[in-house]
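Have a look at the structure below before the remarks.
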Amino acid sequence: MRRRKLLLGVAAAAAALTALTAVILYNYKQEQARPSPLEVNAWVTTGDQSSLLAPQEPFLFRDSADTEGETAQSGLPVITVNPDQEYQTMDGFGASVTGSSAFLINQRMAGDQRNALMKDLFSPEGIRLSFVRHSVGASDFSVDADGNPASYTYDDTESGEDYALEQFSTAKDKDVTELLRRIVDANETVKVMGTPWTAPPWMKYGEQIHNGWYLNYAEPRVYSAYAQYLARYIKDYEKLGIPVYALTVQNEPEFTTADYPSMSMGAEEQAYFIGNYLGPEFQRQGITSKIVAFDHNWDIAESYVQTVLGDAKANAYTDGTAYHCYAGSPEVMSKVHDAHPGKEIYVTECSGGAWSEDFGDNLAWLMSKLIIGGPRNWAQAVLLWNLALDPEGGPANGGCSNCRGVVTVDGQGKAGYSRNVEYYALGHASRFIDPGAVRIGSPQAGGIENVAYRNPDGSIVLIALNPSDEDRTFNVQWSERTFSFTLKARSAVTFKWQP
């Protein structure tokens, strides 16, 4: 009897142990099936300036299984980041190295101030800008060696024509090339885009001046000489150690003024020039710089772009189109992309200024239209206008008298410069999105505007904006994980995580 009871006890214990083992094994498998903890880093800029690209305390995604039903019950907007939905590959974010910007940085800042600014703008310790634009010759923000307004091209003559370009020289770009070399030396992956405001006056019809008019269509040698002029610029810059990634054919071709260097170029003329002269000249000389058409406002883009890209010869040489922000909306770029999906899209100019001084309003607009709206409408680069201006919005050369740079340079105090709202808007993208990143799916959700990317190293970046006048809480969904975040009114946040 005692032996039988002992055997029954052993059997019961064995059964209990088996059951316990099964429970432990089940729980272990369940834990193994759960996503491992994933840390999220976040940086916030608020409309009230209480936070300026300020890092937040890192936090973890939650397992969606742990929060099942919470999202639906809360009624919060959900941004679902989808890495399987891919769009364009990004070139970068930046601003223009105008003559005025170069003069201020080179001539009005002490060496230590300039070095600190370069680090702040172009290194990983700052906002890491990765794309710059400059004017081929003078623009409405060009000055001489003393900082006085100056209009010039690379082949200004005392009288007559110079079809052989014997007087060609980029020497008057000294401040610009010096600063561009500093930038390229600081970050050899920075891309440089050139844009002419005007051809040499002797190439123009009518009054032979820098400010206004158009190419002399009655003289075929002009088109050939101008194509060689632009090719020569690229070759000369390369000799200076400044590779030119892309050239837009004409700044704001549908506008000309007597106030500053400018030149009109209708769509038919631009197509003719690219297809018959510029493209073949680049090909003949082995120049691989991209040719970019248009470079003007969103509101007049569709018909102009269609005319250029609808021309078979021009289309063959044209890599993409460029846009300014001063009229219209970025959605037009999606229409252009739909019509010409193989062509690249760039936002190349947008400036803030004294006409709008509220930090929160400006932050919301810049983030909505450019940093988020640009890439969501296929822009692979977003560039603002002047990299640096002085406290009076200059020195200018007959153009905008109250523009604002990404930074304001006064040369005073320890820093010698101050950061503007444009700096923080750009920084929310450029500091975290690597060149070569791919935009991925992230539908808009409940008034929280957003855009998402996968970097070449696999990290995920999500930029979000709350443009409203009230704080808003939203959820972010990634694979089987989620997190909630509350963003102040008229504020922006960048999230980054490494799967």
Side-chain angles (χ1 to χ4, degrees), residues 43-54 90 92-96 101 120-121 126-133 297-299 322-333 345-389 393 400 402-408 418-433 439 444 447-453 461-469 487-494:
W43 295 261
V44 170
T45 298
T46 55
D48 61 10
Q49 302 184 65
S50 59
S51 294
L52 297 171
L53 262 179
M90 301 300 294
F93 299 83
S96 289
S101 297
D120 195 3
L121 291 173
I127 60 171
R128 211 177 53 139
L129 299 180
S130 53
F131 208 132
V132 292
R133 178 177 179 241
N297 293 336
W298 288 317
D299 66 328
Y323 303 83
H324 296 186
C325 75
Y326 304 117
S329 63
E331 287 76 18
V332 72
M333 298 186 298
I345 289 175
Y346 303 84
V347 174
T348 50
E349 186 180 318
C350 193
S351 182
W355 58 85
S356 179
E357 296 183 338
D358 184 86
F359 186 96
D361 288 345
N362 288 324
L363 178 68
W365 193 94
L366 289 164
M367 297 300 296
S368 177
K369 299 297 183 183
L370 302 178
I371 305 303
I372 294 174
R376 286 194 74 93
N377 288 283
W378 295 95
Q380 63 192 62
V382 176
L383 308 177
L384 301 186
W385 188 204
N386 290 275
L387 185 66
L389 291 176
C400 175
N402 58 353
C403 281
R404 182 173 54 238
V406 174
V407 298
T408 296
S418 57
R419 301 162 178 159
N420 295 320
V421 62
E422 289 77 10
Y423 170 96
Y424 297 104
L426 281 171
H428 269 283
S430 61
R431 184 174 171 183
F432 309 103
I433 300 164
R439 181 168 72 89
Q444 303 286 39
I448 299 296
E449 301 180 29
N450 69 86
V451 63
Y453 303 89
V461 176
L462 172 66
I463 301 172
L465 165 72
N466 174 12
S468 74
D469 293 328
L487 189 56
K488 286 186 176 183
R490 299 186 306 163
S491 299
V493 59
T494 297

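Throughout, numbering of the chain's residues begins at 1 and tracks the sequence.
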Which atom pair, heavy atoms only, marks the closest approach of [X] to [Y]?
X	Y	value
Ala95	Leu383	N-CD2, 4.1 Å
Leu53	Thr45	N-OG1, 2.8 Å
Cys325	Leu370	CB-CD2, 4.1 Å
Tyr326	Ser351	OH-N, 3.3 Å
Asn420	Tyr424	O-CD1, 3.4 Å
Val407	Arg419	CG1-CA, 4.3 Å

Mind checking the [atom1]-[atom2] spacing from [X] to [Y]? Nearest 0.5 Å is all I need.
X	Y	atom1	atom2	result
Trp43	Leu52	CH2	CG	15.5 Å
Cys350	Leu366	SG	CG	6.5 Å
Arg431	Leu426	CZ	CG	13.5 Å
Gln380	Phe131	CD	CZ	8.0 Å
Leu363	Ser368	CG	OG	10.5 Å
Trp298	Met333	CH2	CE	5.5 Å

[X] (side chain) donor-acceptor with [Y] (main chain) under 3.5 angstrom:
X	Y	result
Thr494	Ile463	no
Asn362	Ser356	yes
Arg404	Val421	no

> ring-ring contact (aromatic ring centres under 6.0 Å, His included) with Phe359: which residues, sequence neighbours excluded?
Replying inline: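 Testing Phe359 for ring-ring contact (aromatic ring centres under 6.0 Å, His included), a comparison that skips the adjacent residues, returns none.
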>> Tell me every residue that passes ring-ring contact (aromatic ring centres under 6.0 Å, His included) with Tyr346, counting only those two or more places apart in sequence or in another chain.
In response: none
Just wondering, do [Y] and [X] contact through their side chains at under 4.5 Å, heavy atoms?
X	Y	answer
Asp358	Arg490	yes
Tyr423	Leu121	yes
Leu387	Leu129	yes

>> Restricting to side chain to side chain contact (heavy atoms under 4.5 Å, CB included), what partner residues turn up for Ser468, sequence neighbours left out?
In response: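 Side chain to side chain contact (heavy atoms under 4.5 Å, CB included) check on Ser468 returns Asn466, Glu470, Arg472.
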What residues, two or more places apart in sequence or in another chain, satisfy side chain to side chain donor-acceptor pair (under 3.5 Å) together with [X]?
X	value
Ser430	none
Asp48	Thr46, Ser50
Glu357	none
Ser96	none

> If you look only at pairs with a residue in residues 364-382, which of them pass as a salt bridge (charged side-chain N to carboxylate O under 4.0 Å, His left out), with sequence neighbours excluded?
Replying inline: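 Non-adjacent pairs meeting salt bridge (charged side-chain N to carboxylate O under 4.0 Å, His left out): zero.
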Contacts of [X] that satisfy salt bridge (Lys or Arg N to Asp or Glu O under 4.0 Å) - sequence neighbours left out:
X	value
Arg439	none
Arg133	Asp295, Glu349
Arg128	Asp434

>> Test: disulfide (SG to SG under 2.5 Å). Region: residues 352-386. Which pairs qualify, not counting sequence neighbours?
In response: none
